[in-house]
Amino acid sequence: MENNYMYLFECEYGSRIKEREFVKGVLNNFDKDYATMVGAVVNNNPYCLEFSIIVNLQGNPVIFEKWLRENYPEKMRRHNVFLENTFSFNMLTFIDEAMVDSAFCDESGFLFHWPEREYLESKHPQYKSMKKNESKVFISHSSKDKEFIVNPLNAYLQAESIGTWLDSYEIDYGDSIYIKVNEGIENANVGIFILTDNFFDSSSGWPINEFSSFFMEMMKSKKRSL
């Protein structure tokens, strides 16, 4: 008796039409005695939208693995998720390509209760994600001036819809400070330097380096400093 092998591929709920090609490829390249089940499992919980493709094989999986490597090496497989874990979700198994086209549509339906993201946002612009604007003003300062000078200045520029680069918001835990600062300098059109005694204090370190880096960039481009 042949062994069964189950593959579960994690997919993007809000962009499922692109998965038609993959499912059709499995259906067309492997007979039903080998790929005994080709289906989709969907969790329509709006707080945890999930969509996976399941392929169950009966027989040597080497043939299927080879096809995957040659055609879909980027497919993300889920590990330690078993068939019984999917029983509470919407499930549909496919017999032919027509079923795939019908199930993987941009509108809502039996399998997917929510439309594709692009379709939803085109019909309802109010549901688009909030857009973050690019940081075009680089604020260089000593941390000692942050509370009374830098933060009020940044709040004013934000109120005027001017995108700023400020270390408090742009550098996260674990980031390379050097890389992030240089990215901010390269992307900025304007540099604002808070030239106080604290700025030129040798113990501050970074402000002088930022000052030098920005002026090197300014020599090569149309950047301005204030």
Side-chain angles (χ1 to χ4, degrees), residues 1-132 172-176 179-180 183:
M1 183 177 177
E2 297 280 7
N3 291 325
N4 286 315
Y5 301 89
M6 191 187 86
Y7 291 80
L8 191 141
F9 301 93
E10 186 174 5
C11 305
E12 188 178 350
Y13 186 105
S15 185
R16 63 255 189 180
I17 289 180
K18 66 182 181 182
E19 301 299 340
R20 286 176 175 173
E21 180 186 355
F22 174 65
V23 177
K24 290 178 181 180
V26 178
L27 291 172
N28 293 329
N29 284 278
F30 304 100
D31 63 50
K32 294 177 176 60
D33 292 329
Y34 178 65
T36 55
M37 182 183 73
V38 182
V41 176
V42 178
N43 180 3
N44 285 292
N45 181 341
Y47 299 104
C48 184
L49 296 175
E50 296 174 297
F51 160 42
S52 299
I53 292 169
I54 289 183
V55 178
N56 194 76
L57 306 177
Q58 186 168 342
N60 192 335
V62 171
I63 301 170
F64 183 68
E65 293 272 2
K66 182 176 184 293
W67 179 80
L68 275 178
R69 287 195 304 272
E70 292 176 351
N71 297 278
Y72 298 95
E74 77 289 349
K75 272 291 171 218
M76 184 182 298
R77 303 184 202 178
R78 291 289 301 275
H79 183 60
N80 284 341
V81 178
F82 308 122
L83 187 60
E84 55 265 30
N85 301 135
T86 67
F87 289 160
S88 61
F89 304 139
N90 281 18
M91 180 182 290
L92 181 66
T93 55
F94 301 108
I95 299 174
D96 53 33
E97 292 190 8
M99 287 188 67
V100 178
D101 289 333
S102 176
F104 292 174
C105 59
D106 53 9
E107 298 184 58
S108 57
F110 158 73
L111 189 61
F112 296 91
H113 293 178
W114 301 91
E116 272 208 336
R117 178 170 183 169
E118 186 175 331
Y119 178 86
L120 175 68
E121 292 180 351
S122 67
K123 298 293 183 181
H124 306 280
Q126 70 271 28
Y127 292 151
K128 286 187 177 180
S129 300
M130 189 178 296
K131 180 183 177 183
K132 180 182 178 182
D172 203 353
Y173 179 78
D175 286 342
S176 166
I179 292 175
K180 298 296 288 187
E183 285 178 354

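For the single chain, residues carry numbers from 1 onward in sequence order.
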Note to self: Please tell me whether Asn44 and Tyr13 have a donor and an acceptor in their side chains that are separated by less than 3.5 angstrom.
What the structure shows: yes
Check your understanding: Do Lys123 and Glu116 meet the salt-bridge criterion of a basic N to acidic O distance under 4.0 Å?
Key -> no
- Query: Counting heavy atoms not belonging to Phe87, are there more than 12 under 6.0 Å from its CZ?
  - Reply: yes
Notebook entry, point to check: Asn43 side chain to Cys48 main-chain N or O, any donor-acceptor pair under 3.5 Å?
Noted result: yes
Sorted by chain and residue number, the ring pair (Phe, Tyr, Trp, His ring centres under 6.0 Å) partners of Phe30 (sequence neighbours excluded) come out as Tyr34, Phe64, Trp67
Heavy atoms of Phe51 and Arg16 approach each other most closely as CE2-CB, 3.5 Å
message = Using a 6.0 Å cut-off, check whether atom CD of Glu21 has over 12 heavy atoms from anything other than its own residue.
response = no
| query | Is any side-chain N of the basic residue among Lys131 and Glu121 closer than 4.0 Å to the acidic one's carboxylate O? | reply | no
Scanning both residues in full, the closest heavy-atom pair of Met99 with Leu92 reads CE-CD1, 4.1 Å
With a sphere of 6.0 Å drawn around CE of Met76, does it hold more than 12 non-hydrogen atoms of other residues, nucleotides or ligands?
no
Minimal heavy-atom distance between Phe104 and Leu111, with the atoms involved, is CE2-CD2, 4.1 Å
Problem - Within-4.5 Å side-chain heavy-atom neighbours: Asp101 and Lys24 - result: yes
Does Arg117 have more than 12 heavy atoms from other residues, nucleotides or ligands lying within 6.0 Å of its CZ? no
(message) For Phe112, is there any backbone N or O sitting under 3.5 Å from a side-chain donor or acceptor partner on Asn90?
(response) no
Those residues at least two apart in sequence (or on a different chain) that pass ring pair (Phe, Tyr, Trp, His ring centres under 6.0 Å) with Tyr119 are none
To the nearest 0.5 Å, atom CG of Leu8 lies from atom CG of Asn80 at 11.5 Å
CE (Met91) and OG1 (Thr86) are apart, to the nearest 0.5 Å, by 3.0 Å
- Message: If you define the side chain from C-beta out and look only at heavy atoms, does anything of Val26 sit under 4.5 Å from Tyr7?
- Response: no
Between His113 and Gly109, the two heavy atoms sitting closest are CD2-O, 3.5 Å
Closest non-hydrogen contact found for Pro73 with Asn71 is CD-C, 3.5 Å
Hits for side-chain hydrogen bond (donor to acceptor under 3.5 Å, both in side chains) against Ser88, two or more places apart or cross-chain, chain-then-number order -> none
